[in-house]
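Just so you know, these numbers come straight off a predicted model, no measurement behind them. Chain naming here is simple, since letters A, B, ... match the order of the sequence lines and numbering starts at 1 in each.
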There are 4 protein chains.
Amino acid sequence: MRVISFTCDYSEGAHPLILKRLAETNMSQEAGYGFDSFSENARGLIRAAVGIPEASVFLLCGGTQTNATVIDALLKGYEGVIAAETGHIAVHESGAIEFGGHKVLTLPSHNGKIDPDELREYLEHYYADDAHEHMVWPGMVYLSLPTEYGTLYSEKELQRIREISLEYKLKLFIDGARLGYALASDSCDITLPRLAQLCDAFYIGGTKVGALCGEAVVFPKEAPEHFFSTVKQHGALMAKGRLPGIQFETLFTDGLYFSISRNAILRAMELKKLFGDRGIPFYIDSPTNQQFPILSKAEMEALEGKVLYEIWERLPDGRCVTRFATSWATTPEDIEELAGLLDRCLP
Amino acid sequence: MRVISFTCDYSEGAHPLILKRLAETNMSQEAGYGFDSFSENARGLIRAAVGIPEASVFLLCGGTQTNATVIDALLKGYEGVIAAETGHIAVHESGAIEFGGHKVLTLPSHNGKIDPDELREYLEHYYADDAHEHMVWPGMVYLSLPTEYGTLYSEKELQRIREISLEYKLKLFIDGARLGYALASDSCDITLPRLAQLCDAFYIGGTKVGALCGEAVVFPKEAPEHFFSTVKQHGALMAKGRLPGIQFETLFTDGLYFSISRNAILRAMELKKLFGDRGIPFYIDSPTNQQFPILSKAEMEALEGKVLYEIWERLPDGRCVTRFATSWATTPEDIEELAGLLDRCLP
Amino acid sequence: MRVISFTCDYSEGAHPLILKRLAETNMSQEAGYGFDSFSENARGLIRAAVGIPEASVFLLCGGTQTNATVIDALLKGYEGVIAAETGHIAVHESGAIEFGGHKVLTLPSHNGKIDPDELREYLEHYYADDAHEHMVWPGMVYLSLPTEYGTLYSEKELQRIREISLEYKLKLFIDGARLGYALASDSCDITLPRLAQLCDAFYIGGTKVGALCGEAVVFPKEAPEHFFSTVKQHGALMAKGRLPGIQFETLFTDGLYFSISRNAILRAMELKKLFGDRGIPFYIDSPTNQQFPILSKAEMEALEGKVLYEIWERLPDGRCVTRFATSWATTPEDIEELAGLLDRCLP
Amino acid sequence: MRVISFTCDYSEGAHPLILKRLAETNMSQEAGYGFDSFSENARGLIRAAVGIPEASVFLLCGGTQTNATVIDALLKGYEGVIAAETGHIAVHESGAIEFGGHKVLTLPSHNGKIDPDELREYLEHYYADDAHEHMVWPGMVYLSLPTEYGTLYSEKELQRIREISLEYKLKLFIDGARLGYALASDSCDITLPRLAQLCDAFYIGGTKVGALCGEAVVFPKEAPEHFFSTVKQHGALMAKGRLPGIQFETLFTDGLYFSISRNAILRAMELKKLFGDRGIPFYIDSPTNQQFPILSKAEMEALEGKVLYEIWERLPDGRCVTRFATSWATTPEDIEELAGLLDRCLP
């Protein structure tokens with residue numbers, strides 16, 4: 001019997017339509033470095049989805065790479081980037097931002113989010129400090145949507161952060177590695193076009209939403225000068241640009257990106273109910289595809305070898321915060337199987 | 001009628017067996033970051049092909065990224081890397097090596113190659129200079145095989161460079177973005193296992209030899225400490241490690257990498273004969289998949305819109321050095337078509 | 001009437017003996033870059049004071065420069081440096097450490113100090129995390145002695161931190177920008193030779209202890225390979241090495257460094273008593289040359305234009321933490337004058 | 001008997017007036033980081049000498065540091081700096097520019113100078129290359145005046161380079177580590193104010209022209225935004241800004257900088273005549289304080305232990321290009337002594 005995995009949202013390969021499209025187009029001869037017809041088409045589809053005809057779109061390969069490249073391109077040498085202390089760039093990128101010479105300036109995390117008031121306070125404090133020219137200048141706010149904890153910023157929160165960032169001349173950059181899973185959530189009150197209006201750069205994650213690889217960076221207004229060369233300099237330029245091109249073309253045809261994201265949300269809500277119905281508490285009330293049930297030692301032992309998930313944090317009382325992630329690939333059958341498993345195995 | 005392209009060796013998608021394998025394995029749930037079963041298998045197959053059971057193998061995404069990551073991992077902060085002035089890292093990587101803090105120290109190019117005597121002379125001169133501690137310490141020799149001009153180092157040349165590099169405590173790193181096309185050439189007197197014995201690191205290029213993306217880095221002896229983290233720091237770690245994993249597993253099963261490389265060489269030799277038979281001179285006598293015929297203005301106009309190739313260099317007399325590249329995907333029919341075209345069109 | 005300043009410990013020029021020595025030696029022709037006879041002599045005197053004949057000593061110009069150079073030389077590319085969140089490298093160096101590619105990993109500050117238990121906890125937590133290879137490897141502990149808050153680590157605390165650093169293979173680096181003022185304090189239970197035994201690198205600050213500029217870096221065991229070149233690469237190599245050379249030669253002749261440091265401590269204790277006797281509270285009970293009286297708005301207004309000091313932090317209740325620093329140059333008359341001032345002016 | 005040294009122009013300490021001024025001002029309490037009254041005054045004097053009241057002036061410590069800081073501040077991340085292959089930044093700064101992430105793009109050296117025509121050719125070639133976005137963008141021209149070979153650009157050459165730099169949107173930065181010795185030369189047809197009109201940044205070297213340390217960076221139009229913080233980030237901000245402040249104040253009072261520079265030139269011309277009169281050839285016809293006589297083995301043996309100079313280059317025929325440098329400190333007696341020495345010792 002197979003061991004079902006909810007470890008992460010990049011366990012499978014690609015959505016079958018992507019593979020089909022890769023096969024169909026395989027022998028067409030295309031220019032490299034994003035000058036292929038598929039990438040051109042993908043960029044157009046993304047501009048349309050974003051609702052900004054003059055937006056600049058670049059297709060990169062992975063998330064850390066994209067964060068490091070965009071942040072380095074938008075910041076001046078003496079500037080740093082503000083992020084939640086739990087932000088991906090602050091914790092899980094092996095220092096890729098610092099490798100590019102920039103400090104990550106951290107604010108407290110509230111279930112993965114920064115608080116607009118604390119952001120303002122930080123900035124006021126910074127500029128009030130007589131020695132602030134000896135400190136790293138805040139040049140950008142980095143948010144992830146959804147956050148690393150599956151949580152969402154409301155449109156109102158984003159608006160407030162945007163106002164503050166404009167007031168203090170900070171760029172606003174949104175890490176959308178799982179953006180589809182934010183937009184598809186019932187709790188999300190913001191649309192893709194609205195999001196694009198509120199920031200200087202963001203990316204639409206492909207790797208975690210049905211692609212083999214690929215992140216689509218969008219600069220709603222204008223791209224940093226010669227961003228192409230910066231991408232190359234960061235080792236982030238794909239010779240076969242057709243690979244992300246075909247994938248994003250497929251994902252943004254007939255709303256595939258949105259429908260498969262919605263699947264992940266539906267499955268996540270079912271999964272959430274499964275645990276909730278059995279009295280298992282959650283670390284965070286997440287409205288997206290990552291769910292964080294708290295399991296006791298006995299419960300984990302009972303599930304061992306039958307279902308895979310991630311240990312997120314070990315609590316002092318011996319219980320563990322776990323992470324169960326659904327994805328574009330999770331089926332109703334997977335959830336049913338999990339339900340049966342919980343019924344059979346839990347103490 | 002289609003316009004046949006010899007622009008580069010990354011015009012098509014992937015070898016069909018790779019696409020087939022991607023489809024077959026698509027829904028299997030795998031661990032990320034290279035811990036999947038396909039990557040594990042691919043690493044084993046590569047170790048076997050290299051003939052060094054204890055070699056370390058890492059699967060990265062693209063060439064510039066791989067050069068920057070490996071070079072940074074092997075050099076100390078105050079060291080630079082010696083390369084031919086035509087080397088990819090010296091010219092065409094948008095300063096990726098310098099972005100990592102290291103200077104590229106250039107030697108004259110002899111059809112893309114460095115000369116062992118000139119290397120030794122450079123090193124003797126460096127250490128004889130009283131002020132050498134004010135200069136960048138040479139810490140590595142970078143070669144490409146084949147070179148950017150399609151040429152090959154002989155085993156004897158590589159041995160001499162290796163001896164010099166050992167004598168002067170330099171790492172030796174070989175960029176094998178097109179390694180298959182070197183090994184498959186009739187003029188190549190070195191094998192993959194022998195190559196591995198002669199250097200500290202090299203990579204087996206996938207992107208230009210039938211894969212959608214992917215370069216397999218091999219450290220014959222030992223990998224730099226915590227190289228995994230350096231890969232992540234450079235934004236070069238693929239979340240879906242299965243993507244390069246499946247591709248290299250396929251390429252190193254039943255000698256596919258070598259047979260498709262051989263195809264490119266056979267087609268290149270046919271192409272070379274086509275031009276030679278028609279009295280068209282070559283810039284370089286290349287034994288690999290890149291050929292550099294010199295075309296007159298009239299010849300280029302006659303071919304315009306009928307075949308694609310790259311302009312390599314404009315000569316003072318108005319003629320152009322061009323590059324025609326074959327690949328794993330070039331068919332005998334492509335060559336025949338080119339032959340007919342030359343017959344019909346050339347003045 | 002002059003306005004006396006306690007703003008910092010680098011308000012004046014140099015100790016008169018240094019100026020005298022600069023004048024005496026001025027026209028002697030010397031080799032550059034630290035190869036002059038004065039630097040050679042200074043290094044020998046420092047090795048003797050440190051009690052380690054084989055120690056390596058380098059004379060650099062300023063503090064931030066020294067921190068950035070030493071940290072970069074001792075860390076591997078993927079490593080970061082642990083510091084108190086109030087540490088100079090974490091806050092007041094405009095991101096110099098990140099400019100060199102390294103993350104500053106912060107621990108809570110306890111009056112400027114890190115807690116050995118929290119250090120151990122951090123390291124245990126780091127290595128227990130399954131994803132720690134995606135995070136920045138801790139490669140060094142940075143301490144300042146005295147800290148930015150004037151406080152001291154006890155020998156026992158340093159020993160514990162040393163044990164932890166050895167256990168986890170971390171370098172231990174001590175920022176001694178004000179080292180003289182630590183060693184001269186009655187509360188200091190560690191000697192210079194003992195300090196040298198407990199760390200991998202430290203520096204003896206000159207700029208804040210009587211020199212015009214200059215910090216003497218000591219590597220008790222061995223210097224990082226080719227550290228001279230790293231110093232040059234960081235722009236930290238002085239052409240006229242005689243400048244720091246003559247200064248440190250003077251400071252380490254007849255114990256001048258220690259006697260002038262002691263002067264600062266004696267004056268600081270007198271200053272501390274002045275405020276204490278008048279019922280003015282302190283933010284921190286500092287045993288060194290920096291004192292942090294908390295002044296009310298009325299008190300600050302009363303002193304305005306009569307004495308200079310630094311505003312350290314504005315408290316919510318309207319009072320301010322201030323910093324009064326004594327130095328090698330502070331005289332008993334300065335303290336008396338301050339006493340008179342407090343008597344005349346305070347409400 | 002003393003061994004006279006012509007090894008370099010930084011063998012002695014400082015001009016006596018500087019030492020005098022350091023002593024006179026020693027106990028005045030001043031603000032740090034360049035906010036002292038002496039630095040303020042020095043900046044005003046330099047602005048006056050430069051003839052641009054709105055110029056920005058910053059006082060840094062040393063040459064390599066200044067080059068690295070200014071270049072990094074003026075370039076974008078994807079840009080490199082064009083220099084002669086013999087330029088100080090290209091050869092003798094241990095890779096400080098690359099440490100900051102920027103490539104040095106080299107042009108041939110003509111006695112230390114770049115040729116305006118070759119500069120234009122380089123730029124035309126760069127922009128004509130289809131792949132130029134994969135290469136490092138030229139963002140600046142770096143010149144040294146005088147060059148490392150003691151030679152001078154004429155005003156006409158500088159104007160042409162300026163025109164080209166404006167046409168191609170390159171910054172023009174002039175390394176003036178020995179600027180005084182250029183301006184004081186009879187062959188120099190440019191003034192300090194004219195120089196300032198022709199570039200985006202330059203510096204007035206102090207270390208080699210009578211100061212203990214210090215280089216005065218001038219931005220004739222506007223300084224890079226928050227340059228103060230960039231200086232700090234590069235470890236180039238002196239806590240006791242009074243040290244360079246007092247020195248440049250002294251050097252720019254009563255034309256001292258120019259008169260002591262003139263002394264070096266007069267002595268150099270006498271020295272040049274000494275060698276010329278004795279039939280000793282020169283490597284370069286240098287009009288500044290560095291002279292490059294070519295000495296035979298016998299001549300060098302005859303002088304051994306009696307006069308110090310630098311070996312610049314060993315010629316294949318066994319002779320050596322040597323460098324004899326005069327400075328602000330060289331006296332007519334030194335030259336007379338050398339004359340006697342040559343008469344007594346030369347074969």
Checking heavy atoms, do the side chain of D:L212, its backbone, both or neither come under 4.5 Å from chain C? both
Between C:L256 and C:L17, is there a side-chain heavy-atom distance shorter than 4.5 Å? yes
Name the region of C:L19, side chain, backbone, both or neither, that has any atom closer than 4.5 Å to a heavy atom of chain D. side chain
Tell me, for C:F38 versus chain D, whether the close heavy atoms (under 4.5 Å) come from the side chain, the backbone, both or neither. neither
Sort out for me which of D:Q65, D:M238, D:K232 touches chain C most, counting heavy-atom pairs under 4.5 Å. D:K232
Determine the option with the most heavy-atom pairs under 4.5 angstrom with chain C, choosing from D:G235, D:S94, D:G101, D:A68. D:S94
In terms of heavy-atom pairs under 4.5 Å with chain D, the winner among C:E93, C:E30, C:R242, C:M27 is C:R242
Verify the ring-centre separation between C:Y309 and C:F324: is it less than 6.0 angstrom? yes
So what's closer than 4.5 Å to chain C heavy atoms on D:F228: side chain, backbone, both or neither? neither
List the atom of C:N289, the atom of C:R178, and the distance in Å for their closest heavy-atom pair. OD1-CD, 4.0 Å
Pick one of side chain, backbone, both or neither for C:A211, based on which atoms fall under 4.5 Å of a heavy atom in chain D. backbone
Any non-hydrogen side-chain atom of D:H234 less than 4.5 Å from a side-chain atom of D:D72? yes
Could you tell me whether D:E333 atom CD has more than 12 heavy atoms of other residues or ligands within 6.0 Å of it? yes
Contacting region of C:S28 [heavy-atom separation from chain D under 4.5 Å]: backbone
Please look at C:C61 and chain D and tell me whether the side chain, the backbone, both or neither of the residue comes under 4.5 angstrom of a heavy atom of that chain. side chain
Examine C:F173 together with C:F202 and report whether their ring centres are nearer than 6.0 Å. no
Between C:T288 (side chain only) and C:G150 (backbone N and O only), is there a donor and an acceptor less than 3.5 Å apart? yes
